[in-house]
Peer 1: 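Structure incoming, see below.
Chain letters run A, B, ... following the sequence lines, proteins first and then strands; every chain starts at 1. Only a predicted model underlies this, so the values are computations on that prediction, with no experimental measurement involved. Just so you know, these numbers use all the heavy atoms, side chains as well, and skip hydrogens, waters and symmetry mates.
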There are 2 protein chains.
Amino acid sequence: MAYDPGAFEPFAVTVDLVVLTIRDDDLCVLTVERGEEPYAGRRALPGGFVLPHEDLETAALRELAEETGLTAADVHLEQLRTYGAPARDPRMRVVSVAHLALAPDLPTPRAGTDAVAASWVPVSSVESLAFDHDEVLRDGLERARAKLEYSPLATAFCPPEFTIGELRRVYEVVWGVTLDPRNFHRKATATPGFLAATGERTNRQGGRPAELFRRGATTALLPPLTRPAP
Amino acid sequence: MAYDPGAFEPFAVTVDLVVLTIRDDDLCVLTVERGEEPYAGRRALPGGFVLPHEDLETAALRELAEETGLTAADVHLEQLRTYGAPARDPRMRVVSVAHLALAPDLPTPRAGTDAVAASWVPVSSVESLAFDHDEVLRDGLERARAKLEYSPLATAFCPPEFTIGELRRVYEVVWGVTLDPRNFHRKATATPGFLAATGERTNRQGGRPAELFRRGATTALLPPLTRPAP
DNA sequence: GCAAAAGTGTTGCCCATACACCCATGC
DNA sequence: GCATGGGTGTATGGGCAACACTTTTGC
């Protein structure tokens with residue numbers, strides 16, 4: 001019965017990454033081009049095998065660093081879901097623990113070592129990824145959209161200091177909606193722990209200089225920022 | 001790099017189950033007693049190895065049937081999270097895909113084949129489960145509590161036909177709160193797709209006979225049933 | 001009648017929306 | 001001045017908590 005040693009089948013375990021960022025007011029996902037069969041030439045989500053003594057999250061961070069140069073301090077990373085259909089990889093039995101990462105737009109394109117063909121693709125124009133990665137991406141997007149409502153996750157798309165307008169654009173791009181700037185401002189600043197004022201101002205957006213904020217200490221938004229119906 | 005065949009370490013992959021039910025107005029979790037080392041004599045969540053050609057969800061359903069006799073039609077089952085710390089099992093590298101199952105109270109105790117020491121334990125009096133199962137249980141409870149708000153999941157704790165009062169008691173027990181019966185009734189019946197009237201009545205609760213409902217067709221509660229603050 | 005549970009009506013408050021309006025900058 | 005984005009004030013409407021009240025059973 002359970003955990004009878006010796007009676008188990010070996011599996012390969014990988015981590016796959018749904019890395020999202022916002023570039024030019026577009027929600028983008030990191031993809032790599034596959035060089036070998038199966039799915040040679042097709043785009044896929046970045047990922048790789050978990051090493052023998054490595055935690056799952058550590059493996060995800062290592063892959064993320066290899067592909068983007070980003071480290072744990074730069075991104076939000078969380079486990080998404082595990083995919084283990086028997087035939088999802090035609091070569092062998094592979095169970096993949098997918099992770100979701102949210103990153104601010106990178107000024108430097110990429111610092112990766114072996115990220116030969118990695119590139120950001122707007123999620124609206126992604127199609128036919130390798131393996132079951134279309135489904136993984138769908139699940140990741142759904143998770144990200146839902147979590148913006150009740151967690152301060154949107155700040156993960158922003159640089160360390162940001163304006164309310166920049167934060168609002170994150171919500172608008174991820175949700176694909178337009179929000180009232182006045183009401184959004186009131187709501188965001190009124191939610192306790194969401195934002196921490198810096199006292200600084202910037203006029204990088206043009207118009208009247210805006211206050212700069214850092215992310216606050218809370219991990220949950222009470223009350224939540226609700227998504228408009230349709 | 002990613003998916004280089006031959007360069008992977010074999011892992012054991014298991015499924016673990018957080019099976020919740022409500023017995024005597026108490027939220028209970030299914031546990032088994034371990035017969036062998038490690039953690040011999042300690043209680044643990046039920047689980048076991050994924051078979052070579054088996055889907056993860058299929059494996060979870062098989063384990064669930066072995067322990068409880070419950071089948072897919074009887075329960076709500078969803079993937080919870082995957083646990084893969086290198087030393088979580090001292091014998092070998094094991095990655096466990098935990099699942100959350102919600103079941104109505106079972107009139108028949110258990111129909112399992114090898115469920116020697118399986119038993120329901122109130123979650124308030126669970127302590128020191130084997131492996132990392134305390135953490136798994138905590139995550140499962142948190143998921144269940146959160147999902148009652150925005151999904152019709154509470155009906156999974158009820159028999160096929162139930163009254164509003166029975167449904168309300170599910171919320172009260174899982175959340176550990178008391179709810180206003182009048183407002184709950186209004187809210188539950190007003191949420192589109194949540195409940196389907198049967199036209200039948202029952203007086204099994206005593207007092208004025210209550211209408212019987214079945215679960216409705218929706219998978220999301222709009223608007224959600226919000227949990228009271230503290 | 002009395003207790004218990006189901007269900008309805010009503011009221012007042014809070015909060016979200018919509019939008020008028022003012023502020024501070026670049027050009 | 002004018003355009004652009006930042007930020008505040010305020011009215012209106014819908015939802016929800018609180019609770020009075022009625023209904024229908026068992027004893």
Peer 1: Checking A:R215 against A:F213: charged group under 6.0 Å from the ring centre and within 45 degrees of the axis?
Peer 2: no
Peer 1: If you pin B:L212 and A:T226 to their nearest nucleotides in DNA chain C, which one's is more 5'?
Peer 2: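 The residue mapped nearer the 5' terminus is B:L212.
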Peer 1: Does the side chain of A:E135 come under 3.5 Å of the side chain of A:H133 through a donor N or O and an acceptor N or O?
Peer 2: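 Short answer, no.
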Peer 1: What is the first contacted nucleotide of DNA chain D and what is the last, in 5' to 3' order, if contact means an atom lying under 4.0 angstrom from a heavy atom of chain B?
Peer 2: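 Contact span on the strand: D:dC16 to D:dG26.
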Peer 1: So for atom CD, which belongs to B:E57, do other residues, nucleotides or ligands contribute more than 12 heavy atoms lying within a distance under 6.0 Å?
Peer 2: no
Peer 1: Do A:V75 and A:L102 come within less than 4.5 Å of each other through their side chains, counting heavy atoms only?
Peer 2: no
Peer 1: What residues in residues 179-210 of chain B put a non-hydrogen atom under 4.0 Å from any atom of DNA chain D?
Peer 2: B:D180, B:R182, B:N183, B:R186, B:K187, B:N203, B:G207, B:R208, B:P209
Peer 1: Please tell me which of A:I164 and B:P223 maps to the more 5' nucleotide of DNA chain D, matching each residue to the nucleotide holding its nearest heavy atom.
Peer 2: A:I164
Peer 1: State, with a plain yes or no, whether a side-chain heavy atom of B:L61 is found less than 4.5 Å away from one of B:L77.
Peer 2: yes
Peer 1: Are more than 12 heavy atoms from other residues, nucleotides or ligands located less than 6.0 Å from atom CD of B:E161?
Peer 2: yes
Peer 1: Output the rounded distance in Å from CZ (B:F162) to P (C:dA6).
Peer 2: 14 Å
Peer 1: Does any donor atom in the side chain of A:D16 or A:S96 lie under 3.5 Å from an acceptor atom in the other side chain?
Peer 2: yes
Peer 1: Given the ring of B:Y83, does B:R81 sit roughly above its face, with NZ or CZ under 6.0 Å from the centre of the six-membered ring and within 45° of the axis?
Peer 2: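 Pair B:R81/B:Y83 counts as cation-pi.
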